Amino acid sequence: MLNLLKQLCALNGVSRWEDEVRAFIVEQVKPYADHIRVDAMGNLIVFKHGKVASGHDLLLSAHMDEVGLMITRIEEDGCLRFDSVGGIDRRVLIGKQVFVGEKRVPAVVGFKPIHLTTREERRHVPKMEELYLDIGVDSREAAEQLVSRGDVAAFAPEWVEFGTNRFKAKAIDDRVGCAVLIKLLQEELPMDCTFVFSVQEEVGTRGAFGYAFSVKPKIAVVVEGTTAADVPGVPERQQICYPGRGPVLSFMDRGTVYDRELFERMRDLANANNIPWQLKHMVAGGTDAGAIQRSREGVRVTGISAAVRNIHSPSSVADQRDVEDMLKLARLLLQALAKEY
């Protein structure tokens with residue numbers, strides 16, 4: 001599992017540019033799938049028969065895209081101006097390395113030198129328009145040979161394993177969900193399942209609005225990464241969740257009130273099988289579940305997440321044990337749902 005996740009996190013898949021991630025996943029699941037298609041939005045939709053014929057009633061979803069930057073202007077001196085794609089804390093950007101466009105042009109996020117800033121400027125986080133990308137050229141003409149406006153930049157991939165079962169990478173949200181779904185697809189399934197690897201979740205769950213109508217599930221399981229804030233200086237009530245304490249089971253976030261019966265079933269399955277689990281201390285974030293739940297006449301949704309520190313940054317941190325337990329719990333849920341058919 002960890003090796004698969006490492007490969008997934010190394011791929012660039014900023015929202016609307018998920019092609020590289022999608023191609024890798026197709027390669028991983030094609031030998032096991034009964035049907036594969038890509039819809040108009042770019043969602044990868046994979047169907048696999050299981051022991052019980054349940055059609056498209058059950059959907060499992062994880063999003064392929066990650067946050068990043070989009071080039072908006074090329075300056076006369078060759079520096080690039082940009083805006084964010086998805087929610088990025090500007091504090092994590094300064095000095096970070098990114099790769100721009102299909103050519104993967106190396107770049108560094110720059111800002112006015114510290115000795116030229118005023119005391120007032122040093123009290124505030126720089127605005128996005130004050131930052132720039134340095135790609136190592138000295139003119140607009142030279143820059144235009146390498147990049148174009150509208151190109152996207154992804155954080156440089158660097159995988160680090162450290163401490164006790166911890167790993168650091170970019171795009172753990174939601175390559176962790178993609179890894180779980182791939183592993184399930186490669187197994188014999190207790191019932192028919194439709195797996196969706198979605199696009200543009202980070203910019204408003206846009207991909208989910210389409211596939212929820214075309215797949216027409218009765219139940220959807222969204223497998224995600226979710227924000228953890230268990231760091232020094234944060235009051236316990238605001239720490240949300242904790243890497244290493246098991247999968248996060250969702251009862252509500254800012255986009256969804258999750259199906260009560262499915263939530264209780266996952267909780268009971270975890271308890272009965274000695275799988276650690278946790279709840280969030282705060283209502284925060286949102287997932288594709290919000291779009292799926294409100295499609296057609298409505299869909300029952302549930303969520304399993306990994307707690308991720310420094311989410312939406314190149315230094316996201318998660319725990320290997322949580323990822324393994326997410327897979328175990330998802331497997332148990334499929335087995336339980338199959339018994340109803």
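The shown structure was predicted, so the numbers you read here are calculated from the model rather than taken from an experiment.
A salt bridge between Glu20 and Arg175 is absent, with no side-chain N of the basic residue lying under 4.0 Å from a carboxylate O of the acidic one. For the pair Asp34 and Lys48, the salt-bridge criterion is not met [side-chain N within less than 4.0 Å of a carboxylate O]. The pair Lys170-Glu66 meets the salt-bridge criterion, with a side-chain N (NZ, NE, NH1 or NH2) lying under 4.0 Å from an Asp/Glu carboxylate O. Salt bridge annotation for Arg73-Glu75: present, with a cationic side-chain nitrogen under 4.0 angstrom from a carboxylate oxygen.
For the residue pair His63 and Glu18, no side-chain donor N or O sits within less than 3.5 Å of a side-chain acceptor on the partner. Using modelled atom types and a 3.5 Å distance limit, the side chains of Lys168 and Ser316 yield no donor-acceptor pair. Asn271 and Trp277 share a side-chain donor-acceptor pair at under 3.5 Å. Arg321 and Thr164 form no side-chain donor-acceptor contact under 3.5 Å, judged by distance and modelled atom types alone. Side-chain atoms of Thr194 and Tyr211 form no donor-acceptor pair, as typed in the model, at a separation below 3.5 Å. No side-chain N or O of Tyr341 forms a donor-acceptor pair with one of Asp192 less than 3.5 Å apart.
With sequence neighbours left out, the salt bridge (Lys or Arg N to Asp or Glu O under 4.0 Å) criterion links Arg331 to Glu187. Annotation: ring-ring contact (aromatic ring centres under 6.0 Å, His included) contacts of Phe251 (sequence neighbours excluded): none.
The distance from atom CD1 of Ile182 to atom CG of Leu327, rounded to the nearest 0.5 Å, is 11.5 Å. Going from atom OG of Ser54 over to atom CD1 of Ile219 covers 9.5 Å, rounded to the nearest 0.5 Å. Annotation: the span from Arg149 atom CZ to Ile74 atom CD1 amounts to 7.5 Å, rounded to 0.5 Å.
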(request) Just do the side chain to side chain contact (heavy atoms under 4.5 Å, CB included) check on Val199 and Leu44 with the steps written out, would you? (result) CA-CA 8 Å; Val199 298; Leu44 174 62; over 6 Å; no

(message) Determine whether Arg265 and Asp268 satisfy the following criterion, salt bridge (charged side-chain N to carboxylate O under 4.0 Å, His left out), listing intermediate values before the conclusion.
(response) CA-CA 5 Å; Arg265 179 174 295 193; Asp268 293 344; over 6 Å; no

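Taking the six-membered ring where the residue is Trp, Trp159 and Phe167 present parallel rings, their angle staying beneath 30° rather than reaching 60°.
Residue-environment remark: CD (Gln97) exceeds the threshold of 12 foreign heavy atoms within 6.0 Å. Few gaps surround CD on Glu261; more than 12 heavy atoms of other groups in view lie less than 6.0 Å from it.
Arg260 forms no cation-pi arrangement with Phe263, by the criterion of a distance under 6.0 Å to the ring centre and an angle within 45° of the ring axis.
Aromatic rings of His312 and Phe155 (six-membered ring for Trp) have centroids beyond the 6.0 Å cut-off, not under it.
Minimum interatomic distance between Lys216 and Arg296 (heavy atoms only, all atoms of both residues): CA-NH1, 3.3 Å.
Checked options Val152, Asp83, Leu133; the residue passing with Ile71 is Leu133 (criterion: side-chain contact (heavy atoms from CB on, under 4.5 Å)).
Using a distance-only test at 3.5 Å, with no hydrogens or angles considered, a donor-acceptor pair links the side chain of Arg81 to the main chain of Leu131. Remark: the backbone N or O of Gly207 is paired with a side-chain donor or acceptor of Asn43 at under 3.5 angstrom. In this structure, Thr205 contributes its side chain and Asp288 its backbone to no donor-acceptor pair below 3.5 Å.
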